[in-house]
Amino acid sequence: MGIDPIGYKPWTGKLTARHDRILVIAKTLFRTQLRSKWFILLLVLGYIGVFAFPIIFNALMPHTELDGITMSTELGSGLLFMFTVLLASLVCSDSISEDLRSNSFVLYFSRAIKTESYLAGKLGGIFLTLALFCFFPPIIMAIAILGTQSGSDYLPGLGILALTVVAAFVTTIFLIPFSVFISSLTKRKSHAAIGTFMTFMVMTIIGGIFSEFDANWNLVSPGSMLEYFYDWIFGIGIPQSINEGILAAVFAAFIIIPMALVYLRVKQKAEGK
Amino acid sequence: MTPSPETTITSKNITVSYGHITALDNFSVNVPSGIVGLLGPNGAGKSTFIKAVLGLLVPDSGQITIAGKSLTTEGEIIRDMIGYMPEHDCLIDTFTAVELVSYMGQISGMQKKDAMPRCHEMLDFVGIGEERYRPISSYSTGMKQKVKLAQAIVHDPKILFLDEPTNGMDPQGREEMLDLVKKIRASDKSILVSTHILDDLEKVSDHAIIIGEGRLITEGGLEELLAGKESLRVVKVRGQAPDMEKFLKVLGDVYEVRSITPESGQTSIIILNQGDGTPIFRLSKENNVQLRAYYPHKASLEDVFVGAMENKGGDQ
Ligand SMILES: Nc1ncnc2c1ncn2[C@@H]1O[C@H](COP(=O)(O)OP(=O)(O)OP(=O)(O)O)[C@@H](O)[C@H]1O
Ligand SMILES: [Mg+2]
């Protein structure tokens, strides 16, 4: 096989703005995930198992308006959380570990891409992907219930819809930092996926066991933490036995600490040594 | 292809250490434009220098300027005008070559509508055919090298860093790769090529920076660096042991003998001879040894290296 007798041609186009390149990273991750059989399979199973029936059921059941208790209950369903964990483990697992395995950090960081831009791109892509399950369907559910209400006052329902958007947003981002952190620890995406899933399960089990002694132990369990969050946001209130200060602290730590560790890890990779 | 005197990269007193290993030791050099070879044995610090210039690692001390811009303050602007072909595997191998190269074009700042046609153009240029639609994990080493080159030039950078571009390629593949480098140069680029193969460098460039143990050994035109080595000749003779002994003695009286290496059934001698070869033929005939070969000695990196070290010692 000889080389084509093709000469090198220069390119004289205009470069895009730097933040556009973050979007490229996000879109590429999103598109790559959509090609994964496992992701599509889980997504479809999730739609059918978690959303299809409740949406139809809640819409058909006579109701005067969309209320917070319904949304909080639906969002807090164990099955929804289970699928969220599965999808987060799957989607986040190859975000960083694949770049570790193939040594491709250097392809990004020899270009005008900073650690922050790289992470923003990756996290953005993961958000887009998980949003297909955690963000849009709950909102669709709220809209379906709102649209089929028998009452004539839509205002309270619209308020709940707005809160649903916030709750769905938090559901989508809640597991990302920790899952990406696990992905940044290993070169094998299967290890990252299983590691993430197992960690969430173990935390749930520990939370379950120790909450017998003190309800605050529930805060160790990501699922329970989300349930408290939904109750709080929809104005139902959290149990007396739970300390709100601890809830807020654990919630913040669960997002901020892993994010900081990921940042340091990628920064270390970006700077060679 | 004489490099113009204008400087692309200036490195002033760069020191880089990994723990207690000093990979670059107070390294100062001006890299002219054109194709410049960064020549040195394994572990000399070639890759470390390229990474420092790219800002992929932060030197312990020293300053680097590229095209008149400071790496520390104008790093992003600089990165938009450079391309880098790393030494080791770095390709996202679950992607196809088309996906990878167009992705890299886009994160270098090309719009998708520009990156796609350009990606195909570059894959045509480096000689990746229909395989471009297969995942990179199925490629041979040579093909991966070509994709690595394609991703480095997709955004048409002004300055190109190629770290051992012929790594792992067979002679024909190496030839092709070097041809590509020459073609890229034709469109007015500055290219820094690191290699430990002098042959490769001679084919594409005539300016070399020689580096050893993290220090600048010497730099300049390849011709000057090879000068002195030009008049070395290889003499291969065969004969009976006593005849051979006599021959070697008279040869040593007339010429400066650099080395004597016994080979299977013959002896290979390297001598310094500025004149023609007639006396050698005569001497061999007189001493009853059979002259099997007589040709100019091809300098190796090692020769240039040793020569440069000697010269350096002489200068001081
Ligand atoms: N990540 C690292 N950690 C520790 N030491 C390193 C690291 N990278 C390079 N070194 C050391 O720094 C020195 C220079 O290495 P460098 O890779 O720059 O050499 P090189 O000239 O590119 O060699 P080669 O021809 O083998 O690619 C070597 O002694 C090497 O062992
Ligand atoms: Mg190297």
Side-chain angles (χ1 to χ4, degrees), chain A residues 1-29 31-33 35-36 94-118 121-122 125 189 267-273, chain B residues 16 18-19 48 51-52 54-58 75-80 82-84 86 88-95 99-100 103-112 114-115 118 121-122 124-127 129 136 151-156 161 172 176 179-180 183-189:
Chain A
M1 188 189 69
I3 334 180
D4 291 45
I6 299 172
Y8 179 81
K9 284 201 215 82
W11 175 73
T12 48
K14 211 167 149 308
L15 292 182
T16 56
R18 302 250 152 69
H19 54 81
D20 285 353
R21 308 178 196 178
I22 297 177
L23 223 67
V24 171
I25 299 179
K27 278 195 231 158
T28 303
L29 190 149
R31 229 175 299 122
T32 312
Q33 289 299 335
R35 280 190 323 210
S36 142
D94 55 4
S95 59
I96 296 192
S97 56
E98 276 289 284
D99 286 336
L100 278 173
R101 181 186 61 80
S102 56
N103 260 320
S104 40
F105 277 123
V106 80
L107 294 180
Y108 293 95
F109 298 129
S110 59
R111 295 178 155 82
I113 305 263
K114 286 196 241 163
T115 307
E116 294 82 351
S117 324
Y118 170 85
K122 291 285 179 181
K189 66 175 174 188
K267 183 112 185 135
Q268 173 207 5
K269 285 284 158 190
E271 281 171 8
K273 288 193 197 173
Chain B
V16 176
Y18 300 99
T48 304
K51 284 184 195 160
L54 283 165
L56 284 174
L57 50 83
V58 182
E76 298 238 301
I77 300 172
I78 291 176
R79 275 153 186 236
D80 272 346
I82 59 182
Y84 172 43
H88 300 294
D89 269 356
C90 61
L91 301 171
I92 305 168
D93 60 8
T94 48
F95 281 25
E99 287 166 346
L100 184 100
Y103 181 36
M104 290 301 130
Q106 288 179 70
I107 63 171
S108 300
M110 299 174 81
Q111 287 185 323
K112 189 166 185 180
D114 292 336
R118 174 76 183 172
E121 206 174 288
M122 288 304 101
D124 287 341
F125 173 68
V126 300
I136 292 170
Q151 66 80 28
I153 55 179
V154 62
H155 53 302
D156 192 37
F161 297 93
Q172 193 201 335
E176 288 179 7
D179 251 8
L180 292 173
K183 283 184 186 165
I184 299 169
R185 161 69 182 119
S187 78
D188 198 28
K189 302 262 176 280

*Asks:* How about A:Arg101 and B:Asp93: do any of their side-chain heavy atoms sit closer than 4.5 Å?
*Replies:*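 Sidechains of B:Asp93 and A:Arg101: in contact.
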*Asks:* For the candidates B:Gln111, B:Arg118, B:Met122, which exhibits the highest count of non-hydrogen atom pairs separated by less than 4.5 Å from chain A?
*Replies:*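 Max contact count across the listed options: B:Arg118.
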*Asks:* On a heavy-atom basis, which atom in B:Lys183 and which in A:Gly7 lie closest, and how many Å separate them?
*Replies:*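 So the minimum-distance heavy-atom pair works out to CD-CA, 4.4 Å.
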*Asks:* Give, for atom CZ of A:Arg111 and atom CE of B:Met104, the distance between the pair rounded to the nearest 0.5 Å.
*Replies:*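 That separation rounds to 5.5 Å.
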*Asks:* Please look at B:Ile78 and chain A and tell me whether the side chain, the backbone, both or neither of the residue comes under 4.5 angstrom of a heavy atom of that chain.
*Replies:*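 Interface part for B:Ile78: neither.
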*Asks:* Say you draw a straight line from NZ of A:Lys189 to OG1 of B:Thr94; how long is it, rounded to the nearest 0.5 Å?
*Replies:*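 Separation between the atoms: 6.5 Å.
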*Asks:* Roughly how far, to the nearest 0.5 Å, is OH of A:Tyr8 from NZ of B:Lys189?
*Replies:*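 Interatomic distance, B:Lys189 NZ to A:Tyr8 OH, rounded to 0.5 Å: 4.5 Å.
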*Asks:* For the side chain of A:Thr16 and the backbone of B:Gly109, is there at least one donor-acceptor N/O pair under 3.5 Å apart?
*Replies:*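 Yes, the answer is positive, given that a donor and an acceptor are paired below the 3.5 Å cut-off.
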*Asks:* Roughly how far, to the nearest 0.5 Å, is CD1 of A:Ile22 from CD1 of B:Ile107?
*Replies:*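 The distance works out to 11.5 Å.
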*Asks:* Roughly how far, to the nearest 0.5 Å, is CG of B:Leu91 from CG of A:Leu107?
*Replies:*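 So the CG of A:Leu107 and the CG of B:Leu91 are separated by 6.5 Å.
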*Asks:* Measure distances from B:Glu76 to the heavy atoms of chain A and classify the residue's part below 4.5 Å as side chain, backbone, both or neither.
*Replies:*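 It is both, since atoms from each part get that close.
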*Asks:* Determine, for B:Glu99 against A:Arg35, whether the closest basic-nitrogen to carboxylate-oxygen distance falls under 4.0 angstrom.
*Replies:*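 Between A:Arg35 and B:Glu99 there is a salt bridge, with a charged N closer than 4.0 Å to a carboxylate O.
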*Asks:* Give me the atom names and distance for the closest heavy-atom approach of B:Ser108 to A:Leu15.
*Replies:*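 Of all heavy-atom pairs spanning B:Ser108 and A:Leu15, the closest is O-CD2, 3.6 Å.
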*Asks:* Against chain B, work out which of A:Asp99, A:Thr12, A:Ile113, A:Ile25 has the most heavy-atom pairs shorter than 4.5 Å and name it.
*Replies:*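 The answer is A:Ile25.
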*Asks:* Could you pull out all residues at least two apart from A:Thr28 that satisfy side-chain contact (heavy atoms from CB on, under 4.5 Å)?
*Replies:*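 For A:Thr28 the side-chain contact (heavy atoms from CB on, under 4.5 Å) partners, ignoring immediate neighbours, are A:Val24, A:Thr32, B:Phe95, B:Tyr103.
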*Asks:* Please step through side-chain contact (heavy atoms from CB on, under 4.5 Å) for the pair B:Met110 and A:Trp11, ending with a clear verdict.
*Replies:* CA-CA 10 Å; B:Met110 299 174 81; A:Trp11 175 73; 3.5 Å; yes
*Asks:* Could you look at B:His88 and say if it's the side chain, the backbone, both or neither that has a heavy atom under 4.5 Å from chain A?
*Replies:*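 When you check distances to chain A, no heavy atom of B:His88 falls under 4.5 Å.
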*Asks:* Find the distance between OG (A:Ser104) and CD1 (B:Ile92) and round it off to the nearest 0.5 Å.
*Replies:*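 Those atoms lie 4.5 Å apart.
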*Asks:* Name the region of A:Lys27, side chain, backbone, both or neither, that has any atom closer than 4.5 Å to a heavy atom of chain B.
*Replies:*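 Neither part; nothing is under 4.5 Å.
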*Asks:* Taking all atoms of both residues into account, what is the closest heavy-atom pair of B:Asp89 and A:Asn103, and its distance?
*Replies:*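 Nearest heavy atoms, B:Asp89 then A:Asn103: O-CB, 3.3 Å.
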*Asks:* Checking B:Ala186 now: which residues fulfil side-chain contact (heavy atoms from CB on, under 4.5 Å) with it, not counting sequence neighbours?
*Replies:*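 Testing B:Ala186 for side-chain contact (heavy atoms from CB on, under 4.5 Å), a comparison that skips the adjacent residues, returns none.
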*Asks:* Looking only at heavy atoms and a cut-off of under 4.5 Å, which of B:Leu54, B:Asp188, B:Asp114 has the most pairs with chain A?
*Replies:*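 Answer, by heavy-atom pair count under 4.5 Å with chain A: B:Asp114.
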*Asks:* Return the minimal non-hydrogen interatomic distance between A:Ser110 and B:Tyr84, and the atom names on each side.
*Replies:*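 Here A:Ser110 and B:Tyr84 meet closest at CB-CD2, 3.6 Å.
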